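Chain A is the first sequence line, chain B the second, and so forth, proteins listed ahead of strands; every chain is numbered from 1. Bear in mind that the values here come from a model prediction, so they are computed numbers and not experimental data.
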Amino acid sequence: MAKAEKNELMEKLFSLCKRRGFIFQSSEIYGGITSCWDYGPLGVELKRHVKDLWWQENITGREDVVGMDASILMHPKVWEASGHVENFHDPLIDCKKCRARFREDKALHYFKCEKCDFHFRVNGGLIEVKDEFRTFFKDDLYANEPESYKKSDCPKCGTAGSIFLEKIACPTCGAAELSPARQFNLMFKTHFGPSEDTASEVYLRPETAQGIFVNFDNVVNTTRLKLPFGIGQIGKAFRNEITTGNFIFRSREFEQMELEYFVKPDESQKWHEYWVEQRFQWYQKLGVKRENLRLRAHAKEELAHYARACTDVEYKFPFGWSELEGIADRQTFDLDSHIKASGKKMSYFETETNTHIVPAVVESSAGVDRSILTVLSDAYWEDTEHDRIVLKLDPKLAPIKVAILPLVNKDGMPEIAMAIFSDVKKQMAAFYDQTGSIGRRYRRQDEAGTPFGVTVDSQTLEDGTVTLRDRDSLEQIRIPKDNVANILREKLHE
RNA sequence: GCGGGUGUAGUUCAAUGGCAGAACACCAGCUUCCCAAGCUGGUCACGGGAGUUCGAUUCUCCUCACCCGCUCCA
């Protein structure tokens with residue numbers, strides 16, 4: 001697909017979302033605010049269904065997982081222990097020559113020994129040495145940070161602490177004319193209580209996961225869960241991203257669905273594979289087409305230092321393949337950090353061996369808003385044969401399940417349709433519409449993703465049946481008007 | 001945050017230094033027996049703020065938002 005077409009599809013989705021009341025820009029009457037979005041009447045229903053399906057699949061539908069709902073504001077020490085205060089920022093550098101902007105550790109770092117002729121370059125974590133020095137670096141071609149080479153011992157002449165950073169240069173144009181690195185902490189700060197001094201600073205959580213880790217002991221002590229077990233949570237998180245965009249794909253306020261699954265440390269790899277598969281299947285249960293989904297395992301140098309493995313679920317968005325969810329084997333890093341920082345035990349007592357162990361954790365971290373964008377993109381269909389736009393949402397996700405329509409506005413049809421509507425709406429989201437021609441009303445519902453239409457016509461007056469229209473196939477069948485709710489309920493559970 | 005682009009009705013687009021138009025959508029009525037039909041009537045817009053000017057939607061500046069790229073991630 002050409003780039004212009006991709007952009008066009010995003011624009012069409014954006015327009016449809018606004019036109020039909022799925023998603024609006026936040027604070028629109030004041031000119032809007034960057035990357036904040038409001039879910040309208042149809043959008044909030046869609047979002048609720050996505051979250052409910054996640055909760056059902058991962059919490060209530062399982063014996064080994066419980067849910068919780070932690071507060072957004074937490075003790076500042078949580079974020080010190082988790083590493084977010086120290087690490088959750090991007091030092092960025094601008095190239096004065098070619099105007100490229102990049103992360104400090106992506107710059108070309110030139111190192112040199114101050115005693116001998118040994119020198120090398122670090123390029124994006126990869127050490128590049130001249131052939132004559134190749135022998136001095138054998139298995140160590142990947143490094144964590146260029147910083148780690150400073151003041152290290154020279155591998156050639158052996159002088160202690162003789163390696164120094166000669167210069168850093170732009171990875172794009174190679175020029176060494178760079179601006180100083182600037183720090184951007186990605187956590188939102190606010191003040192706890194009325195006084196705005198430094199002591200009262202707290203953060204809005206940048207992820208929901210920490211609310212689970214700090215409650216590990218509370219949950220273990222109150223639920224009698226046995227390893228392996230999980231704790232899940234859905235909630236808002238906030239990140240002061242440098243760059244936002246692609247509609248609701250990346251915003252500064254967003255909602256996460258996170259599951260922390262605690263396992264015996266030597267079993268984490270097995271459970272990581274298990275959850276990757278589970279989560280990959282889940283998106284397909286939302287009706288997302290298999291060919292638009294893929295898994296991507298992180299390469300070794302991409303991994304955070306504490307993670308043993310991480311696999312992303314990616315979706316083929318109109319703007320390209322992008323991450324929907326990450327499933328990571330975080331080992332015991334999170335619990336260890338909080339045990340160390342808080343001085344509390346937070347272990348699990350294994351009765352078989354009579355020992356306390358700190359479990360490893362496999363984390364599934366999914367974005368609610370990204371899931372919404374995924375199901376909307378995936379469902380968007382221009383039916384050129386019938387000249388209509390259809391959201392082919394899975395009926396489970398559809399904001400409105402059925403539209404109840406009198407074929408024409410006379411002969412008592414509106415009254416019969418209204419009576420059916422009154423009955424059906426007690427059991428599912430239904431919509432009554434008697435305005436305009438029947439075709440126009442069907443098309444309105446097609447754009448809203450409503451899977452079924454029930455129409456009262458003259459035959460209804462004779463034999464008490466109504467037509468049931470299928471959104472995708474346009475097929476119509478006749479069903480008894482007094483049994484509409486039951487038949488629809490069966491169809492929705494198919 | 002930096003560079004580029006775009007802002008006119010609910011949507012998609014016109015025009016204009018001097019009363020801002022269309023199509024579709026929406027609302028009311030008529031009509032209509034199955035897929036955006038027709039007729040009549042109606043509601044609704046120059047992103048915001050300064051400046052130039054007798055007069056600015058139009059020109060200038062600032063600002064805000066969206067899109068693309070850098071970057072990052074749920």
Side-chain angles (χ1 to χ4, degrees), chain A residues 3-4 6-8 10-12 14-21 24-36 88-96 98-104 106 171-172 179 182 184 186 206-209 236-258 312-313 319 322-327 363-371 373-374 383 385-389 405-411 413 435-447 453 455-461 466-467 469 471 474 476:
Chain A
K3 181 167 271 182
K6 291 177 183 175
N7 296 342
E8 197 187 320
M10 279 301 280
E11 278 163 26
K12 284 175 177 172
F14 183 93
S15 164
L16 174 67
C17 282
K18 175 156 195 201
R19 193 166 70 237
R20 288 298 166 195
F24 309 121
Q25 173 148 44
S26 167
S27 318
E28 194 186 274
I29 62 167
Y30 290 104
I33 179 165
T34 305
S35 92
C36 292
F88 207 60
H89 53 64
D90 293 317
L92 294 185
I93 291 178
D94 293 302
C95 175
K96 290 174 182 169
C98 75
R99 298 198 131 145
R101 171 171 288 199
F102 44 89
R103 257 183 22 209
E104 187 176 23
K106 297 273 168 85
T172 307
S179 74
R182 294 199 295 166
F184 297 87
L186 299 187
E207 62 174 31
T208 61
K236 288 280 178 96
F238 304 83
R239 292 182 193 175
N240 233 333
E241 296 286 350
I242 299 156
T243 308
T244 55
N246 279 328
F247 196 23
I248 58 172
F249 181 78
R250 183 179 297 106
S251 50
R252 298 199 169 108
E253 172 178 342
F254 59 102
E255 200 159 4
Q256 293 183 308
M257 303 178 284
E258 291 196 302
D312 289 346
V313 179
F319 47 83
S322 284
E323 183 188 348
L324 254 182
E325 163 167 355
I327 300 116
E363 171 181 279
S364 146
S365 178
V368 176
D369 311 274
R370 289 184 180 186
S371 299
L373 187 58
T374 295
D383 180 4
E385 188 187 343
H386 300 98
D387 192 26
R388 59 182 188 143
I389 291 168
L405 317 164
L407 185 62
V408 290
N409 221 346
K410 60 181 185 186
D411 299 337
M413 292 180 200
T435 317
S437 74
I438 191 69
R440 179 188 301 275
R441 283 176 278 159
Y442 282 147
R443 271 159 181 75
R444 279 185 194 136
Q445 296 304 319
D446 290 341
E447 282 200 349
T455 306
V456 173
D457 55 23
S458 56
Q459 195 178 332
T460 310
L461 307 177
V466 292
T467 60
R469 172 206 191 242
R471 175 195 66 197
L474 298 180
Q476 299 194 343

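Not a single donor-acceptor pair, N or O on each side, falls under 3.5 Å between the base of B:rC24 and the side chain of A:Arg19.
The C1' atoms of B:rG49 and B:rC64 are separated by 10 Å, rounded to the nearest whole Å. B:rG10 and B:rA25: their C1' atoms are spaced 7 Å apart (whole Å). The C1' atoms of B:rC54 and B:rU40 are separated by 43 Å, rounded to the nearest whole Å. Taking atom P in both B:rU11 and B:rG7, the straight-line distance is 15 Å, to the nearest Å. Annotation: B:rC39 and B:rU57 have their C1' atoms spaced 35 Å apart (nearest Å). With P as the reference atom, B:rG47 and B:rU58 are 9 Å apart, rounded to whole Å.
Heavy-atom nearest nucleotides on RNA chain B were determined for A:Glu363 and for A:Gln476, and the one closer to the 5' end corresponds to A:Gln476. Between A:Leu461 and A:Leu324, the one whose closest nucleotide on RNA chain B sits nearer the 5' end is A:Leu461.
Taking 4.0 angstrom as the limit, A:Arg252 places none of its side-chain polar atoms (N or O) nearer than this to OP1 or OP2 of B:rC73. The phosphate of B:rC68 (OP1 or OP2) has a side-chain N or O of A:Asn246 nearer than 4.0 angstrom. Between B:rA65 and A:Thr34, a contact under 4.0 Å exists linking OP1 or OP2 to a side-chain N or O.
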Close N or O pairs between protein and nucleotides 42-47 of chain B (under 3.5 Å):
none

Sub-3.5 Å pairs of nitrogen or oxygen atoms, protein against nucleotides 28-32 of chain B:
| residue | atom | partner | partner atom | Å |
| --- | --- | --- | --- | --- |
| B:rU32 | OP2 | A:Lys410 | NZ | 3.3 |
| B:rU32 | O4 | A:Asn409 | N | 3.0 |

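Using a 4.0 Å heavy-atom cutoff across all strands shown, A:Leu474 reaches at least one base atom of the nucleic acid. Across all strands shown, A:Gln25 has heavy atoms under 4.0 Å from sugar-phosphate atoms exclusively, and none from any base. Within the 4.0 angstrom heavy-atom criterion, only backbone atoms of the sugar-phosphate kind lie near A:Ser35; the bases stay farther away.
When the P atom of B:rC24 is taken as reference, atom CD of A:Glu447 falls 15 Å away, rounded to whole Å. Across the protein-nucleic acid pair, A:Arg250 atom CZ and B:rC66 atom C1' stand 16 Å apart, rounded to whole Å. Distance A:Arg370 CZ to B:rC72 P: 14 Å, rounded to the nearest Å.
Contact check for A:Thr460 versus A:Met413: no side-chain heavy atoms found under the 4.5 Å cut-off.
Ion pairing between A:Arg469 and A:Asp446 holds under the 4.0 Å rule for side-chain N and carboxylate O.
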